[in-house]
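The block underneath contains the structure these notes are about, expressed in structure tokens.
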Amino acid sequence: MKKLLLLFIFFGLFSCTESDKEQFEPEQPEQLDIVTDVYGVQYPSLDPSVIYCGPGQGAKMCRFLNKYDETIWADTENYYSDFSDIKFSSFTGHPFFISFFNFDSTVSYCEGWKKGETTYDGMKWNINFKRDQEDVLWFDYEYYGSSTEIEYTITYKYEVIDGLLHFSSTDGKTFIFHPSQRNYSKDIVETDEIILLKGCIFY
């Protein structure tokens with residue numbers, strides 16, 4: 001009888017331990033080093049260090065940030081807006097995927113954003129990519145400010161249509177950017193002062 005009672009207690013403890021383990025076991029991290037197409041299909045046999053976007057690869061292998069890496073765009077119709085010029089990057093050599101330029105004859109500004117959480121001057125935000133396809137890039141900008149809770153979220157969308165970059169956001173902003181031929185060298189830009197803020201990609 002004692003043996004049966006001990007066996008019952010042992011199995012009871014074992015089952016509780018296993019269920020607790022399943023409940024509190026952390027989620028497995030994403031396989032960031034596996035080539036994945038824009039539809040989420042993984043290709044374990046492909047080399048993750050290679051950019052699969054070009055002739056013969058098909059649109060499903062092309063990401064916006066790879067296709068438009070190092071491209072610069074200007075809002076020619078509203079040139080002195082907050083988003084007068086922008087530049088995309090595919091993270092090669094630095095963590096920032098987009099730089100914003102605001103040029104003026106007296107003082108010009110440049111700053112950039114990176115994917116994930118960022119804290120700058122005590123203010124915190126997080127950028128989540130929602131879609132990174134051949135001609136479309138969507139991401140959420142989650143603003144925390146100085147608090148621990150998200151104060152607001154804005155979704156940004158960039159889409160290239162007929163050679164023009166269309167921008168829209170859930171807070172009502174819309175712009176159309178043209179490919180820029182401007183020389184973005186700090187020594188060439190005609191301005192009295194250039195202020196480089198966090199994340200600026202400026203040559």
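Atom set for the values below is all heavy atoms of this structure, side chains included, hydrogens, waters and symmetry mates excluded.
Scored by the salt bridge (charged side-chain N to carboxylate O under 4.0 Å, His left out) test, Lys198 finds no partners at all (sequence neighbours excluded). By the side chain to side chain contact (heavy atoms under 4.5 Å, CB included) test, Leu65 is found to be paired with Phe88, Ser90, Phe91, Phe97, Phe129, Asp132, Leu137, residues two or more places apart in sequence or in another chain being considered. Residues satisfying the side-chain hydrogen bond (donor to acceptor under 3.5 Å, both in side chains) criterion with Asp135, sequence neighbours excluded, are Lys67, Tyr68. Ser168 pairs by the side-chain hydrogen bond (donor to acceptor under 3.5 Å, both in side chains) definition with nothing, not counting sequence neighbours.
Residue-environment remark: CD (Gln181) stays at or below the threshold of 12 foreign heavy atoms within 6.0 Å.
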(request) Check the pair Tyr109 / Phe100 against side-chain contact (heavy atoms from CB on, under 4.5 Å), numbers first and verdict last. (result) CA-CA 8 Å; Tyr109 293 87; Phe100 303 96; over 6 Å; no
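Considering NZ of Lys157 and CZ of Arg131, their distance stands at 7.0 Å, rounded to 0.5 Å. The distance from the CH2 atom of Trp113 to the CD1 atom of Ile86 is 10.5 Å, given to the nearest 0.5 Å. Between Thr153 atom OG1 and Asp140 atom CG the span is 6.0 Å, to the nearest 0.5 Å. In this structure, CZ on Phe96 lies 15.0 Å from NZ on Lys115, to the nearest 0.5 angstrom. With rounding to the nearest 0.5 Å, the separation of CZ in Phe103 from SG in Cys110 is 7.5 Å.
Taking the centre of each ring, Phe167 and Trp73 stay at or above the 6.0 Å mark.
Using the six-membered ring where Trp is involved, Tyr141 and Tyr143 have ring planes that are parallel, under 30° apart on the 30 and 60° scheme.
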Between side-chain atoms of residues 120-128 and protein atoms elsewhere (two or more places apart, or another chain), which donor-acceptor pairs fall under 3.5 Å?
unit_1, atom_1, unit_2, atom_2, d
Asn126, OD1, Glu117, N, 3.1
Asn126, ND2, Glu142, OE1, 3.0
Asn128, ND2, Glu142, OE2, 3.4

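The nearest pair of heavy atoms linking Phe177 to Ser84 is CE2-O, 4.2 Å. Contact detail for Ile176 and Asp75: the closest heavy-atom pair is O-OD1, 3.6 Å. Between Ser89 and Asp69, the shortest heavy-atom distance links the atoms CA-OD1, 3.4 Å. Contact detail for Phe64 and Val136: the closest heavy-atom pair is CD1-N, 3.5 Å.
Its side chain outside the 4.5 Å cluster rule for every partner, Ile161 clusters with none of the Ile, Leu, Val, Met, Phe, Trp and Tyr residues.
Taken together through direct or relayed side-chain contacts under 4.5 Å among Ile, Leu, Val, Met, Phe, Trp and Tyr, Val107 and Leu197 form part of one hydrophobic cluster.
The shortest side-chain heavy-atom distance between Glu159 and Leu165 does not fall under the 4.5 Å cut-off.
Ion pair Arg63/Glu134 not flagged as a salt bridge, since none of the NZ, NE, NH1 or NH2 atoms sits closer than 4.0 Å to an Asp/Glu carboxylate oxygen.
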